[in-house]
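As a basis for the values below, the full set of heavy atoms in this structure was taken, side chains included, without hydrogen atoms, waters or symmetry mates.
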Amino acid sequence: MTIVDDTRTVPRPSPTLTPARRRLALFALALGGFGIGASEFVSMGLLPDIAGGLLSERMATDPEGGIARAGLAISAYALGVVVGAPVLALLSVRWSRSSMIVGLAAALAAGAVLSALMPTFELTVFARFLAGVPHGAYFGVASLLAASLMGPGNQGKGVALALSGLTVANLLGVPVLTAVGQAAGWRAVYLLIALIFVATVTALHLTVPREEKVAGRRMADEIVALRRVQLWVIMGIAAIGFAGAFAVFSYVADITTNVTGASATAVPWVLAAAGLGMTVGNVIGGATTDRSVGATLMVGFPLYIAALVGLFLVADVSLVALLVAFFLMNAANASLNPAMQTWLIRVAHRSEVLGASLNHAAFNVANALGAALGGAVIAAGFGYEAPMVVAIVLASVGFAMVSATLIALRVRARRTRALLARHEDTLTGQIPRVPVGV
């Protein structure tokens, strides 16, 4: 299925590298993604601990309200990504991508340190906002660098490679760090994450090939992409469709203990199952995206919705059922990520850094929306099963938006071909203007 026929972005070739240095450079890019994944998702596994440490009085009298309020730390991080992704992409139009990626990794390290040291809940929420600001721009630039290092025809695999650090973080890092946080405190976890970003800065500086600044690149050239309606539609699909996964994931610790009835020590295992699903789904999505973005979305979204329904039905059955359901939900969800980011990069065309970054802005609108709606239904007294119902509704709306958009694009493509066919004998004059649908 063809999404667009004139916006395919060809990665710029990277300088000649030895195979060993190319692998190390790709590893360095993924290491930053590992740190980001740990920083973003460990907050969800440790949410009861953060609430207990910073909102102890509220937790003593109203634990559900305390958990819902602590969810603001998750929403604040997501809001930081939403604000930072487009702003940093626009401000960095004259930076080289190799310099930009190192600076972003350093900013991520600073955000993790602040998250560990802030003494009050309000200041911690602000620190989480700052920690999220470099997130989207980092993944945007890392995706482009990875695609360049891997060569032409591998854009989807390059995006998947850049995201692989995030998925491995959920497979290994988040469960381990959650266990560490339960034993040593959540502040120690953010300090460990800061060390991961320090290692990332060093690895990127040593392995990623130096690139020159792009001559003549202006902020105005990047902003042009924002005039494309299709770009905003894609962002809306990501923001609404994937909010469902975050509505569930944000309260994974409470679902595990209060719905399934397992102990808190089971939470790292649930996170590991989710991380394994993300890793598997990301690999599959990267491969299928290079074949067809549209087919990946049209098959992946129904599987994602079905997995959410399955989670709702079996969450209270047993811990094993919860582990399987979380694996399937996150595998289906992650398989869609490379397709969504590749779609945005192609639509953004020459504004490739902005397009790649906006994908993560959209996903973190989903993060903030999902956490807020999930917390709202919990605080309203509907119980810890309610976020799963919210998730099913949001994912279904997202699929409806995908279907409508792809149908509209096909109709527009047929209309364009028909108009051109009627005027193929025209020797002079202009090609007729085609009304813009999406």
Trainee: Does the side chain of Ser335 reach to within under 4.5 Å of the side chain of Thr296, using non-hydrogen atoms?
Mentor: no
Trainee: State the CZ-OG1 distance between Arg291 and Thr288, to the nearest 0.5 angstrom.
Mentor: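 Spacing of CZ (Arg291) from OG1 (Thr288) equals 9.0 Å.
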Trainee: Could you tell me whether the side chain of Trp343 reaches within less than 4.5 Å of the side chain of Leu297, counting heavy atoms only?
Mentor: yes
Trainee: Please determine whether side-chain contact (heavy atoms from CB on, under 4.5 Å) holds for the pair Met388 and Leu308, giving the CA-CA distance in whole Å, both sets of side-chain angles, and the decisive distance to 0.1 Å.
Mentor: CA-CA 7 Å; Met388 292 179 273; Leu308 285 170; over 6 Å; no
Trainee: Which is it for Val252 and Val248 under the side-chain contact (heavy atoms from CB on, under 4.5 Å) test, yes or no, and what are the steps along the way?
Mentor: CA-CA 6 Å; Val252 58; Val248 173; over 6 Å; no
Trainee: Determine the minimum heavy-atom distance between Ala386 and Val377, stating which atoms define it.
Mentor: CB-CG2, 3.6 Å
Trainee: Suppose we screen for salt bridge (Lys or Arg N to Asp or Glu O under 4.0 Å). Which residues come up paired with Glu122, at least two apart in sequence or across chains?
Mentor: Arg69
Trainee: Determine which pairs satisfy side chain to side chain donor-acceptor pair (under 3.5 Å) with at least one residue from residues 314-331, sequence neighbours left out, and list them in order.
Mentor: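 Residue pairs with at least one partner in residues 314-331: there are none.
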Trainee: What do you reckon, is CZ of Phe399 surrounded by more than 12 foreign heavy atoms closer than 6.0 Å?
Mentor: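 Check passes, neighbour count above 12.
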Trainee: Are Met278 and Asn333 close enough that some pair of their side-chain heavy atoms sits under 4.5 Å apart?
Mentor: no
Trainee: Does Trp186 form a side-chain contact (heavy atoms from CB on, under 4.5 Å) with Thr124? I'd like the steps, not just the answer.
Mentor: CA-CA 12 Å; Trp186 59 271; Thr124 300; 4.2 Å; yes
Trainee: Donor-acceptor pair, distance only, cut-off 3.5 Å: does the side chain of Thr256 make one with the backbone of Val267?
Mentor: no
Trainee: Which residue in the set Leu204, Thr207, Thr200 passes side-chain contact (heavy atoms from CB on, under 4.5 Å) when paired with Leu29?
Mentor: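 In the set Leu204, Thr207, Thr200, the residue that makes a side-chain contact (heavy atoms from CB on, under 4.5 Å) with Leu29 is Leu204.
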Trainee: Taking the six-membered ring for Trp, is the centroid-to-centroid distance between Phe41 and Phe249 below 6.0 Å?
Mentor: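 That pair passes the under 6.0 Å test.
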Trainee: Can any side-chain N or O of Tyr77 pair as donor or acceptor with the backbone N or O of Ala368 at less than 3.5 Å?
Mentor: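 No: the side chain of Tyr77 does not pair with the backbone of Ala368.
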Trainee: Looking at CD of Gln182 and CG of Leu177, how far apart are the two atoms once the value is rounded to the nearest 0.5 Å?
Mentor: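 The CD atom of Gln182 sits 11.5 Å away from the CG atom of Leu177.
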Trainee: At their closest point, which heavy atom of Ser396 faces which heavy atom of Ile305, and how far apart are they?
Mentor: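 That closest heavy-atom pairing would be CA-CD1, 3.8 Å.
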Trainee: Measuring only between side-chain heavy atoms, which start at C-beta, is Ile67 closer than 4.5 Å to Leu47?
Mentor: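 Touching, per the 4.5 Å side-chain cut-off.
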Trainee: Any side-chain heavy atom of Leu409 sitting closer than 4.5 Å to one from Arg412?
Mentor: yes
Trainee: Taking the side chain as every heavy atom from C-beta outward, state whether Leu322 and Val314 have any atom pair closer than 4.5 Å.
Mentor: no
Trainee: Applying side-chain contact (heavy atoms from CB on, under 4.5 Å), name anything that partners Ala68, two or more places apart in sequence or on another chain.
Mentor: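 Ala379.
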Trainee: Tell me whether the rings of Phe129 and Phe126 are parallel (<30°), tilted (30 to 60°) or perpendicular (>60°).
Mentor: parallel
Trainee: Testing the 3.5 Å rule here: is there a donor-acceptor pair between the side chains of Ser75 and Arg128?
Mentor: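 Not at all, the side chains of Ser75 and Arg128 share no donor-acceptor pair under 3.5 Å.
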Trainee: List the atom of Ala238, the atom of Ala366, and the distance in Å for their closest heavy-atom pair.
Mentor: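 Shortest heavy-atom separation between Ala238 and Ala366 comes out as O-CB, 3.5 Å.
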Trainee: Using only atom types and a distance under 3.5 Å, with no angle test, would you say the side chain of Thr289 pairs donor to acceptor with the backbone of Ala339?
Mentor: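 Here the side-chain-to-backbone pair exists.
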Trainee: Keeping Asn258 on the side-chain end and Asp254 on the backbone end, is there a donor-acceptor pair under 3.5 Å?
Mentor: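 Checking the backbone N and O of Asp254 against the side chain of Asn258, a donor-acceptor pair under 3.5 Å is found.
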Trainee: Would you find a donor on one side and an acceptor on the other, under 3.5 Å apart, between the side chain of Thr260 and the backbone of Thr257?
Mentor: no
Trainee: May I have the step-by-step check of side-chain contact (heavy atoms from CB on, under 4.5 Å) for Val389 and Phe382, ending in yes or no?
Mentor: CA-CA 10 Å; Val389 178; Phe382 291 106; over 6 Å; no
Trainee: To the nearest 0.5 Å, how far apart are CG in Leu271 and CG in Leu172?
Mentor: 12.0 Å
Trainee: Identify the heavy atoms of Ala243 and Leu369 that sit nearest to each other, and give their distance.
Mentor: CB-CD2, 3.9 Å
Trainee: Heavy atoms only: give me the nearest Tyr304-Phe242 pair and the separation to one decimal.
Mentor: OH-CA, 3.7 Å
Trainee: Can you tell me how far the CG atom of Leu406 sits from the CD1 atom of Ile237, to the nearest 0.5 Å?
Mentor: 7.0 Å
Trainee: How close do Ala266 and Ala262 get, heavy atom to heavy atom, and via which atoms?
Mentor: CB-CB, 3.9 Å
Trainee: How long is the gap from CD1 on Ile74 to CD on Glu40, to the nearest 0.5 Å?
Mentor: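 So the CD1 of Ile74 and the CD of Glu40 are separated by 9.0 Å.
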Trainee: Taking atom types as modelled and ignoring hydrogens, do the side chains of Ser43 and Tyr190 form a donor-acceptor contact shorter than 3.5 angstrom?
Mentor: yes
Trainee: Report yes or no: does Tyr138 contribute a side-chain atom to a donor-acceptor pair with the main-chain N or O of Leu108 at less than 3.5 Å?
Mentor: no
Trainee: If you round to the nearest 0.5 Å, how far is OG of Ser96 from CD1 of Ile101?
Mentor: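 Between Ile101 CD1 and Ser96 OG, I get 10.5 Å after rounding to 0.5 Å.
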